[in-house]
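First up is the structure itself, then whatever we jot down about it.
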Amino acid sequence: MSATSMDGTPSVDGETWFELVFDIPANQAFTYRIDEKGEAAVGKRAMVPFGKRGRDSLGFIVATREAPPEGLSESQIKQIRRVVDTDPVFDDRDIALAEWIAAYYLCGIGQAIATMIPSGRRLVSYPSLSGGSDDIAAAPLELSEEQITALESIISPIPGPRSPIPELFYLYGITGSGKTEVFLRAAEWMLKQGKSVIYLVPEIALTHQTAELIGRRFGSAAATLHSGMTSSARFAEWSRIRRGEAPIVVGPRSAVFAPVHNLGLIIIDEEHDGSYKSGNTPRYHARQTAIRRCSVEGAKLVMGSATPSAEAWKLMAEGTIKRLDLSRRLAGGSMPEIKAVNLAKTAGCLTEELKEEIRITARMGRQTILFLNRRGFAHCFHCPSCGCEHKCRRCSVSLIWHKSKGRALCHYCGYSEPPPSACPQCGSLEAGYRGFGTEMIEEEVRRTFPELRIRRADADTVGKSGMLEETIAQFKAGLVDILLGTQMVAKGLNFPGVRLVGVVLADTGLHMPDFRATERTFSLIVQVAGRAGRYFPDGKVIVQTLRMGDTVISRSCALDVDGFFNAELAQRQALQFPPYTRIIRLNARSREAARADTAMERLASIAAPLIPADADMLGPSECPIGIINGNHRRQLILRGKSMGTLHAAARILMERYDKGRDAKVYVEIDVDPVSLL
Ligand code: ADP
Ligand code: ZN
Ligand code: ZN
């Protein structure tokens, strides 16, 4: 990239030619002539004619050049029609990071830039979103011994020359052990050194809670980014950060790109959370991206969780990540008593034990959380006479009966139809729904406890923005006795009044054909259990299960993280799955099954000779969910000891594949996939 002035002044030295990239899967820049007004500059977005039809498209100006590319005359080069931004919205540091994203996640550099930068436009004046006030919260807590030790390790410089690997820390401690306080102190210290901090949190619920806390602590020095904001609000916060007015930024995954000045620290709260991995191209992971940023910008990285990911656990065991333990609850609570209960012989979805504990809790004037990771009323329609299952017309998954809507609904594509009253294939009246969702639990809980105030929080009830916040606020204020719901009630929320947590069915994720299924189940149970007894020592957790002897269930109930990972990592090593190997997944989808198959076979035959010696190839095969929304899905998995050689193979593979590719098949690459469904 050429060195252009980055302060937004039009190209004084008379640059005429600019290189633009677009939000497309190509690693190529295109040359354009300066716009009529002469506003073009590196770091701005511009509308230019692009593609075969020359339609106006948004491009990102990434470089200047002295002359048109060889072989092109000046008249052949199109002109920039209109420059979008008055001031640059990205700089050389962002471009370098985008180049890394493109190389690591095998996408176009324009796709990377488009992901990094909020799509909004500058507003003339926008009130500051966070805090607004500068009065900083009251007397600070006195840190515990463990907190002090952790904080000191994080902030003290390591002697000697800077290593290419950034300093990585992990605050490992049960929920409520004071991790947040250590994060905040480390952030405070960094700000005092004149450095900036990025504080990453999982999606949605937790963003607000942490943003509030940080707003109170740091006033207008804090900026908040989250997906609920309008794009212009996001853009306004982004601009404030870029101007250096907000040295501490809190937000989900994409906040890892925040254009802070002089980065000193990135914090990743709840490191194990799946939302740190993007579900769209580029499928970047915030943790990997944070490590990259920290190493380039000389910053430190601190992660934290009660249930680290298997990757992080292994790196801690090897000493690459420095583990800092917090072993006690500090606000008067202790870890709750956790009991596994057999659900097999119960007619409804609540065992006698769980009902009794709900009663006791209500009598004490305290609160209950009921958790189930499935929304809707009932799952899987099944006919015992002919074996028919009621599946979506467009996907290879069962329709879920939503009683309140009176429809059977597909959770993957939104298709719905009236629920059948008899078997659609053989007419048998024996056929019906089995399995339960949050809607059915709500019905049973209301019937069993008519005198209690009950609220449900899942994607169906809190779809409208603000609803989840309202439900949470009511629960926090003690206006609700039982909060029941999906993940939304499990993640990081901090409710003082909670005595009892009931996991209605712990096994829902275990049958998933994914090597991370047990890890996810373990971490979810431990996380949900952590919602109980944060402030009082009498917390109770009832874990209902149909797999009484299962070690995942018993280890999560014993909060035996060591035992779990010893077994889990041994298994992963035996089966050669991450973190002992690295994976690149190629996913092909098409309306026509035959086309998807052909494309996959071609990919596999090109890949075969490219596979490095320390790697292998799984598939091609149908994805576990074979059809989604009418698209037939196939996959090929490249698996190897080193990402370097896998990357090289995948790059050549895609180049060769693209030369004769079928336009009716969409191929997507996922580096370090977190889900193989
Ligand atoms: P975690 O992030 O590990 O889940 P938090 O940081 O939310 O835990 O802390 C849980 C509770 O403990 C909070 O209410 C917090 O104010 C309190 N707390 C944290 N550190 C201390 C301390 N040193 N002394 C007393 N209470 C503390
Ligand atoms: Zn039938
Ligand atoms: Zn569907």
Side-chain angles (χ1 to χ4, degrees), residues 23-27 52 102 105-108 111 277-284 388-400 409-417 511-517 577-578 581-611 615-640 646-677:
D23 187 0
I24 53 166
N27 254 319
K52 281 204 193 90
Y105 291 104
L106 301 164
C107 67
Q111 288 179 307
K277 169 88 170 166
S278 170
N280 307 306
T281 304
R283 294 173 170 266
Y284 68 95
C388 164
E389 285 171 38
H390 194 211
K391 294 225 159 136
C392 175
R393 293 214 174 156
R394 307 197 289 228
C395 310
S396 49
V397 298
S398 295
L399 293 177
I400 316 294
L409 211 80
C410 174
H411 284 186
Y412 284 84
C413 75
Y415 170 82
S416 77
E417 59 182 62
H511 64 275
M512 294 282 190
D514 190 328
F515 69 89
R516 285 197 177 84
F577 271 118
T581 52
R582 307 294 295 274
I583 282 181
I584 296 179
R585 182 200 201 202
L586 299 161
N587 208 327
R589 56 176 198 262
S590 175
R591 296 262 143 207
E592 296 162 56
R595 282 183 187 270
D597 284 331
T598 311
M600 253 313 153
E601 275 149 28
R602 217 185 119 228
L603 273 169
S605 65
I606 301 172
L610 296 171
I611 297 298
D616 65 353
M617 189 163 90
L618 307 178
S621 62
E622 192 173 319
C623 297
I625 302 175
I627 310 173
I628 292 182
N629 207 0
N631 282 308
H632 297 263
R633 308 167 74 240
R634 303 289 182 269
Q635 66 178 3
L636 180 68
I637 288 169
L638 311 182
R639 176 172 75 169
L646 275 190
H647 262 143
R651 224 169 272 131
I652 300 171
L653 166 60
M654 287 317 290
E655 258 171 47
R656 294 189 185 162
Y657 172 80
D658 275 343
K659 294 215 170 84
R661 92 194 152 88
D662 179 348
K664 288 187 173 162
V665 181
Y666 184 76
V667 175
E668 205 177 4
I669 299 185
D670 193 351
V671 176
D672 299 327
V674 295
S675 163
L676 296 181
L677 293 181

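Heads up: numbering here begins at 1 and tracks the sequence. Computed from a prediction, not measured in an experiment: that's the story for all the values here.
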Can you list every pair that meets salt bridge (charged side-chain N to carboxylate O under 4.0 Å, His left out) and has a residue in residues 666-675, with sequence neighbours left out?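 Only Lys277-Asp670, Arg283-Glu668, Arg283-Asp670, Arg582-Asp672, Arg589-Glu668 qualify under salt bridge (charged side-chain N to carboxylate O under 4.0 Å, His left out).
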Which residue pairs pass the salt bridge (charged side-chain N to carboxylate O under 4.0 Å, His left out) test when at least one of the two sits in residues 621-636, sequence neighbours left out?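 Only Asp597-Arg634 qualify under salt bridge (charged side-chain N to carboxylate O under 4.0 Å, His left out).
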Any non-hydrogen side-chain atom of [X] less than 4.5 Å from a side-chain atom of [Y]?
X: Ile584; Y: Ile669; answer: yes
X: Glu592; Y: Lys664; answer: yes
X: Leu677; Y: Cys623; answer: no
X: Leu106; Y: Met654; answer: no
X: Leu603; Y: Pro620; answer: no
X: Ile611; Y: Leu638; answer: yes
X: Tyr412; Y: Ile625; answer: yes
X: Leu399; Y: Tyr415; answer: yes

Apply side chain to side chain donor-acceptor pair (under 3.5 Å) to [X] and list each qualifying residue two or more places apart in sequence or on a separate chain.
X: Gln635; result: Arg585
X: Asp514; result: none
X: Ser416; result: Arg407

Would you please name every residue forming a side chain to side chain contact (heavy atoms under 4.5 Å, CB included) with [X], sequence neighbours left out?
X: Ile400; result: His379, His402, His411
X: Ala517; result: Met512
X: Ile606; result: Arg602, Leu610, Leu653, Arg656, Tyr657
X: Ser278; result: Arg253, Asn280, Tyr284

On a heavy-atom basis, which atom in [X] and which in [Y] lie closest, and how many Å separate them?
X: Ala608; Y: Met617; answer: N-SD, 4.3 Å
X: Cys107; Y: Thr281; answer: CB-CG2, 4.0 Å
X: Thr598; Y: Ala594; answer: OG1-O, 2.7 Å
X: Val665; Y: Ala596; answer: CG2-N, 4.2 Å
X: Ser396; Y: Gly626; answer: OG-N, 2.9 Å
X: Ala615; Y: Leu646; answer: CB-CD2, 4.0 Å

Determine yes or no for a side-chain-to-main-chain donor-acceptor pair under 3.5 angstrom, with [X] supplying the side chain and [Y] the backbone.
X: Ser398; Y: Lys391; answer: no
X: Glu655; Y: Ile652; answer: no
X: Thr581; Y: Arg639; answer: no

At what distance, to the nearest 0.5 angstrom, does [atom1] of [X] lie from [atom2] of [Y]?
X: Asn629; Y: Cys392; atom1: CG; atom2: SG; value: 7.5 Å
X: Ile637; Y: Ser621; atom1: CD1; atom2: OG; value: 6.5 Å
X: Ser590; Y: Asp662; atom1: OG; atom2: CG; value: 6.5 Å

Could I get the full list of salt bridge (charged side-chain N to carboxylate O under 4.0 Å, His left out) partners for [X], not counting sequence neighbours?
X: Arg661; result: Asp658
X: Glu417; result: Arg393
X: Arg516; result: Glu311

